[in-house]
Amino acid sequence: MRRKVPKVKAQQSVAIPQRLVQFLKYANELIFSGDEAAITPSDDLIQIVEFRGYLLAYGGLKEEGGSQFEFGYFTEPKQTDKKWEFELSREQIAEIAKNRLTHLTLWACTSPDCGCKFQRADDTCFECDYEETPTP
């Protein structure tokens, strides 16, 4: 059994990797064209699969009629850890697509083996913020 034991996260300004830029350019195209994947609230209608079928990133519109999108990004192919979870506005996505916005401010786990980053300091990391509880 596991119990939640939140750990402190460190705020970081991180350069947006080229793989993520390409994904957000694709998301921007869907938003600009009014594609169903970009106007239907969802956490995964927008996604790109890389070579060998590994998911690069996914996300979607947070709420109907809104302009905020939530995303998950895997920093390496075939990765389940080292994932970034963040939100961007329609405008921020467009700025990234135009190479005008090049950094994100995220909250990172402080464990050197983790690599996960989040939108908020109190977001939960499945790997770092839980501990195994001894069984009686």
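Below, all heavy atoms of this structure are taken into account, side chains as well, without hydrogens, waters or symmetry copies.
In terms of modelled atom types and a separation under 3.5 Å, the side chain of Lys7 and the main chain of Cys128 share a donor-acceptor contact. Put simply, the side chain of Thr133 gets close to the backbone of Met1: a donor and an acceptor are under 3.5 Å apart.
Of all heavy-atom pairs between Leu61 and Gln68, the closest is CD1-O, 3.6 Å. For the pair Ala15 and Trp84, the tightest heavy-atom approach, listed with the atom from each and the gap, is O-CH2, 4.0 Å. Pairing each heavy atom of Ala38 with each of Ile46, the nearest pair is CA-CD1, 4.2 Å.
By the neighbour-count criterion of 12 heavy atoms within 6.0 Å, atom CD of Glu91 is densely surrounded, having more than that number from other residues, nucleotides or ligands.
Between Gln47 and Leu55, the closest side-chain pair of non-hydrogen atoms falls below 4.5 Å. You'll find the side chain of Lys83 stays beyond 4.5 Å of the side chain of Thr75, heavy atoms only. Contact annotation: the side chain of Asp123 never approaches that of Glu85 to less than 4.5 Å [non-hydrogen atoms, C-beta and beyond]. Side-chain contact check for Asp43 versus Tyr58: every heavy-atom pair is 4.5 Å or farther apart. A 4.5 Å side-chain heavy-atom check between Phe69 and Ile93 finds at least one atom pair inside the cut-off.
A single hydrophobic cluster is seen to contain both Ile31 and Leu101, as judged by linkage of ILVMFWY side chains at heavy-atom distances under 4.5 Å, directly or through other members.
Using a 30° and 60° split on the angle between ring planes, Phe71 and Phe86 fall in the tilted class, from 30° to 60°.
Using a 4.0 Å cut-off between a side-chain N of Lys or Arg and a carboxylate O of Asp or Glu, Asp129 and Lys9 qualify as a salt bridge. With salt bridges taken as basic N to acidic carboxylate O contacts below 4.0 Å, one links Arg120 and Glu87.
Distance check, rounded to the nearest 0.5 Å: SG of Cys109 to CD of Glu127 gives 9.0 Å. To the nearest 0.5 Å, atoms SG (Cys125) and CH2 (Trp107) are separated by 15.5 Å. Note that CG of Leu24 is 6.0 Å distant from CG of Leu88, once rounded to the nearest 0.5 Å. A distance of 9.5 Å separates CD in Glu70 from CD in Glu63, rounded to the nearest 0.5 Å. A distance of 7.0 Å separates CG in Leu104 from CG in Leu20, rounded to the nearest 0.5 Å.
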Report task. Would you please test His103 and Val14 for side chain to side chain contact (heavy atoms under 4.5 Å, CB included) and show each step? Result -> CA-CA 5 Å; His103 286 73; Val14 293; 5.8 Å; no

Requested in this report: Kindly determine whether Ile16 and Thr102 satisfy side chain to side chain contact (heavy atoms under 4.5 Å, CB included), including the steps that lead there.
Outcome: CA-CA 6 Å; Ile16 304 170; Thr102 60; 5.5 Å; no

Requested in this report: Might you work through the side chain to side chain contact (heavy atoms under 4.5 Å, CB included) test for Gln12 and Leu106, ending with a clear yes or no?
Outcome: CA-CA 5 Å; Gln12 296 179 346; Leu106 299 173; 5.8 Å; no

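In summary, of the residues considered (Arg19, Lys117, Lys82), a side chain to side chain donor-acceptor pair (under 3.5 Å) with Tyr73 occurs for Arg19 alone.
A donor-acceptor contact closer than 3.5 angstrom links the side chains of Asp44 and Ser42.
For Asn99, the side chain to side chain contact (heavy atoms under 4.5 Å, CB included) partners two or more places apart in sequence, or in a different chain, are Val21, Lys25.
Arg2 forms a cation-pi arrangement with Phe126, by the criterion of a distance under 6.0 Å to the ring centre and an angle within 45° of the ring axis.
Contacts classified as side chain to side chain donor-acceptor pair (under 3.5 Å) and involving residues 30-39 (residues at least two apart or in different chains) are given here: Glu36-Thr40.
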